[in-house]
Amino acid sequence: MAKRLIPCLNRILVEKIVPPSKTSAGILLPEKTSKLNSGKIVAVGPGARDRDGKLIPVSLKEGDTVLLPEYGGTEVKLDKKEYHLYRDEDILGTLHE
């Protein structure tokens, strides 16, 4: 049975993108270049509430590619896959091609 995690409040579930360690020509890349902190959003919570009780929606959506902070987030393992939970305000930005 596959598990599905829906984050609470303004949290975002991210699957980190692992950059390739080799080029298409077979050249091994140094370890420093493989330390890109980006990920793909898998699930998004509904948002947080302000003092008046109004819902403040999360600014990102599922499928977005985002830039992540070097440290932080909570590691979660579901069905032998590794994910990370971040708050909406912890995400540094979105990446577009």
Side-chain angles (χ1 to χ4, degrees):
M1 180 171 131
K3 293 181 185 178
R4 174 149 167 85
L5 175 69
I6 298 174
C8 293
L9 300 174
N10 63 341
R11 289 183 175 77
I12 298 170
L13 187 66
V14 177
E15 182 178 5
K16 286 198 173 181
I17 297 172
V18 180
S21 59
K22 268 189 203 180
T23 63
S24 59
I27 299 171
L28 292 174
L29 298 172
E31 194 173 307
K32 284 187 179 184
T33 58
S34 66
K35 200 173 183 184
L36 296 174
N37 291 334
S38 60
K40 189 169 193 106
I41 295 180
V42 177
V44 177
R49 298 210 178 261
D50 63 4
R51 289 184 182 199
D52 300 327
K54 293 181 184 175
L55 184 67
I56 302 170
V58 177
S59 60
L60 301 164
K61 61 186 182 306
E62 291 181 22
D64 284 349
T65 303
V66 293
L67 184 63
L68 303 169
E70 189 171 349
Y71 300 105
T74 303
E75 188 177 312
V76 179
K77 288 190 179 183
L78 296 171
D79 295 333
K80 299 180 183 178
K81 285 185 94 178
E82 192 174 298
Y83 299 97
H84 295 269
L85 270 172
Y86 291 94
R87 291 183 187 269
D88 184 25
E89 60 265 9
D90 291 342
I91 303 295
L92 301 175
T94 58
L95 300 172
H96 299 281
E97 291 184 24

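Computed from a prediction, not measured in an experiment: that's the story for all the values here. Nothing fancy with the numbering, it's 1 onward along the sequence.
Grouping the Ile, Leu, Val, Met, Phe, Trp and Tyr side chains by contacts below 4.5 angstrom, directly or via other members, places I56 apart from L9.
Under the salt bridge (Lys or Arg N to Asp or Glu O under 4.0 Å) criterion, K16 pairs with no residue, sequence neighbours left out. E75 is linked by a side chain to side chain donor-acceptor pair (under 3.5 Å) to nothing, counting only residues two or more places apart in sequence or in another chain. Every residue was checked against the salt bridge (Lys or Arg N to Asp or Glu O under 4.0 Å) condition with K80, not counting sequence neighbours, and none meets it. Applying the side chain to side chain contact (heavy atoms under 4.5 Å, CB included) criterion to S59, with sequence neighbours excluded, gives D88.
Residue pairs meeting the salt bridge (charged side-chain N to carboxylate O under 4.0 Å, His left out) criterion with at least one member in residues 45-57: none, sequence neighbours excluded.
A distance of 16.0 Å separates OG1 of T74 from OH of Y83, quoted to the nearest 0.5 Å. The distance from atom CZ of R4 to atom CG of D79, rounded to the nearest 0.5 Å, is 12.5 Å. The structure places CG of L5 at 11.0 Å from CZ of R11, a figure rounded to the nearest 0.5 Å.
For the pair E15 and K77, the salt-bridge criterion is not met [side-chain N within less than 4.0 Å of a carboxylate O]. Note on R87 versus D90: no salt bridge recorded, every NZ/NE/NH1/NH2 to OD/OE distance being 4.0 Å or above.
When hydrophobic side chains of Ile, Leu, Val, Met, Phe, Trp and Tyr are connected at separations under 4.5 Å, L60 ends up clustered with I12, V14, I41, V44, V58, V66, L68, Y86, I91.
Closest of all the heavy-atom pairs between A43 and P7 is CB-CD, 3.7 Å.
At a threshold of 4.5 Å between non-hydrogen side-chain atoms, the residues S38 and L95 count as touching. Counting heavy atoms from C-beta on, the side chains of T65 and I17 come closer than 4.5 Å.
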